[in-house]
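Structure record follows, encoded as structure tokens.
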There are 2 protein chains.
Amino acid sequence: MAEREVDRSVSQTVKAQLALRDQLLSGSLRPGERISELQAVETTGASRTPVRMALVRLEEEGLLEAIPSGGFMVKAFSERDISDSIELRGTLEGLAARFAAERGVSARELEPLKECLAAIDELLRQVPISVDAFSSYVTLNARFHALLTELSRSPPLIRQIDRASSLPFASPSGFVMAQSALPEAQQILIIGQEHHRVVIDAIENREGARAEAVMREHARLAVRNLRLALRNRTHLDLLPALALIKSATD
Amino acid sequence: MAEREVDRSVSQTVKAQLALRDQLLSGSLRPGERISELQAVETTGASRTPVRMALVRLEEEGLLEAIPSGGFMVKAFSERDISDSIELRGTLEGLAARFAAERGVSARELEPLKECLAAIDELLRQVPISVDAFSSYVTLNARFHALLTELSRSPPLIRQIDRASSLPFASPSGFVMAQSALPEAQQILIIGQEHHRVVIDAIENREGARAEAVMREHARLAVRNLRLALRNRTHLDLLPALALIKSATD
DNA sequence: TCCCCCGCTATTGTATACATAACGTATTCA
DNA sequence: TGAATACGTTATGTATACAATAGCGGGGGA
């Protein structure tokens with residue numbers, strides 16, 4: 001293997017983890033399929049030790065499942081698993097919003113959130129929204145959710161929300177993309193943006209219960225739309241995360 | 001190493017994980033302290049590979065923290081981290097209770113919960129409660145919470161609750177033990193038991209919102225009592241988990 | 001005397017060799 | 001002909017060797 005170039009700026013473990021995650025989310029590995037360590041070694045270029053570490057991390061992340069007799073398989077998710085994961089995430093974000101509201105947030109901390117909000121407003125002014133603008137929306141939306149989570153100032157909660165978002169379909173980007181499959185996509189984005197506006201207002205006015213309620217509603221909207229999107233499966237190829245969905249939807 | 005007896009019924013990785021966790025929770029490793037792999041190899045009897053796997057798992061579990069330059073250190077928790085973790089767990093259990101109520105639960109599934117409830121009632125009849133009875137209570141209470149979580153029938157949620165409970169002070173046993181440090185311990189247990197009774201009633205009557213609310217209140221009670229217990233620090237040695245608390249409380 | 005640089009040591013990250021267990025296949029016996 | 005067992009192959013779990021980096025200490029120069 002004379003041609004192996006080792007990039008020491010990032011560990012082999014991390015590289016293997018990223019490469020394997022890509023394979024999982026792109027669907028080149030099928031749900032239920034056993035992961036061969038040797039095959040992973042070949043595709044990632046790392047040796048067995050870092051590959052094994054990456055597999056352990058991906059298992060903890062929820063993308064893989066340990067096989068009792070040894071090794072790992074690609075985890076499969078039902079439609080209900082997905083909607084539960086989204087609702088779960090919404091519940092945690094609701095708690096984060098409530099913490100932020102109850103504990104108080106300075107105007108300076110709220111500034112980036114408001115910038116995000118304004119940027120999204122700008123994008124949504126286009127009717128219909130362009131593909132580019134939609135892609136910007138996905139980024140900005142993810143940023144909004146991340147900033148909101150940070151406002152809770154609660155490391156354990158932030159950590160848990162990160163874990164809950166590691167399942168790709170439960171991440172903000174994931175469910176936005178699922179919603180985009182619907183004809184009423186633009187209206188949905190507008191309603192979501194209204195939720196964003198309300199949660200900031202509630203936090204500013206230190207209304208914890210209201211802040212929490214709107215984030216939970218935000219997630220319920222996402223669940224409802226995901227269900228609809230799965231019914232009329234148009235553009236579902238937009239959502240590579242669905243590579244992990246199990247046969248229940250077929 | 002002729003004397004090394006290898007028990008092949010359980011992997012070296014799991015053994016190392018258990019041994020290291022014991023060390024962490026018993027306080028033989030101090031918060032902030034770097035974990036030496038070689039030292040871990042000596043104390044656990046496993047070789048470096050399984051030790052490293054165990055370290056990765058303990059990091060994902062939240063007991064360790066990766067050091068950027070390499071290796072792991074014992075994670076330290078503030079008092080707020082702990083109360084947030086308890087509230088977080090209560091929020092998730094609230095969601096589980098709501099799922100159970102909304103999705104419906106058969107009488108047969110509810111049976112073990114009711115048995116648990118009755119057994120705890122029996123224990124609480126003693127005034128004051130004996131040490132043995134208290135220890136049974138801890139076990140039964142943990143069982144009650146585990147059964148309730150299962151009732152949600154939501155693997156992603158169950159998984160997340162398990163993760164949230166892996167922090168020892170956030171587990172049902174953990175916070176019960178913290179509460180036991182208070183003089184009004186018995187009254188607290190009685191109130192907690194009332195919460196248990198209400199959540200079952202709410203689930204039976206399919207009142208999702210009520211089931212959720214009572215579980216959240218249950219956690220808030222625990223948070224309040226933990227704060228009290230940390231103020232008048234009597235019997236805190238009952239709670240080995242506090243080995244991980246950082247100096248904020250000193 | 002203080003600061004900087006060089007080198008050493010210790011510890012981690014990585015690779016690989018070895019052992020063991022599981023699975024598949026083929027052969028044989030009923 | 002089918003089923004069961006035995007053997008072989010393959011993959012995983014474990015151990016260890018090797019390499020590289022980071023931290024530390026000593027020595028030298030300003």
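Residue numbers start from 1 in every chain, and the chains themselves are labelled A, B, ... in the order their sequence lines are given, proteins ahead of strands.
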- For Arg103(A), enumerate each residue passing the salt bridge (Lys or Arg N to Asp or Glu O under 4.0 Å) test, keeping only those at least two apart in sequence or located in another chain. Asp84(B)
- Note on the structure: Any stem touching DNA chain C, meaning at least three consecutive Watson-Crick or G-U pairs under 3.5 Å, ordered by first number, would be C:1-30 with D:1-30
- Item | Counterpart residues, salt bridge (Lys or Arg N to Asp or Glu O under 4.0 Å), relative to Glu111(A) (two or more places apart) | none
- Nearest whole angstrom, please: distance from the C1' of dT10(D) to the CD of Gln39(A). 14 Å
- Item | Donor-acceptor side-chain pairing of Ser47(A) and Thr49(A) below 3.5 angstrom | no
- Message: Checking Ser69(B) now: which residues fulfil side chain to side chain donor-acceptor pair (under 3.5 Å) with it, not counting sequence neighbours?
- Response: none
- Please identify each residue that fulfils side chain to side chain donor-acceptor pair (under 3.5 Å) with Arg48(A), with sequence neighbours left out. Glu37(A)
- Message: Tell me every residue that passes side-chain contact (heavy atoms from CB on, under 4.5 Å) with Arg143(A), counting only those two or more places apart in sequence or in another chain.
- Response: Pro112(A), Cys116(A), Leu147(A)
- Query: In whole angstroms, how far is the C1' atom of dG13(C) from the NZ atom of Lys15(A)?
  - Reply: 13 Å
- Item | Contacts of Glu102(A) that satisfy salt bridge (Lys or Arg N to Asp or Glu O under 4.0 Å) - sequence neighbours left out | Arg98(A)
- Message: If you take any heavy atom closer than 4.0 Å to DNA chain D, which residues from residues 48-72 of chain A end up in contact?
- Response: Arg48(A), Arg52(A), Gly70(A), Gly71(A)
- Message: Distance check needed: dT16(C) P versus Gln12(A) CD, whole Å only.
- Response: 11 Å
- Could you list all the salt bridge (Lys or Arg N to Asp or Glu O under 4.0 Å) pairs where at least one residue sits in residues 60-72 of chain A, not counting sequence neighbours? Arg21(A)-Glu61(A), Glu60(A)-Arg57(B), Glu60(A)-Arg163(B)
Give me, pair by pair, the N or O atoms of the protein and of nucleotides 6-11 of chain C that are less than 3.5 Å apart, along with how far apart they are.
none

- Query: What residues form a ring-ring contact (aromatic ring centres under 6.0 Å, His included) with Phe144(B), not counting sequence neighbours?
  - Reply: His196(B)
- Query: With sequence neighbours excluded, what pairs up with Glu150(B) under the salt bridge (Lys or Arg N to Asp or Glu O under 4.0 Å) test?
  - Reply: none
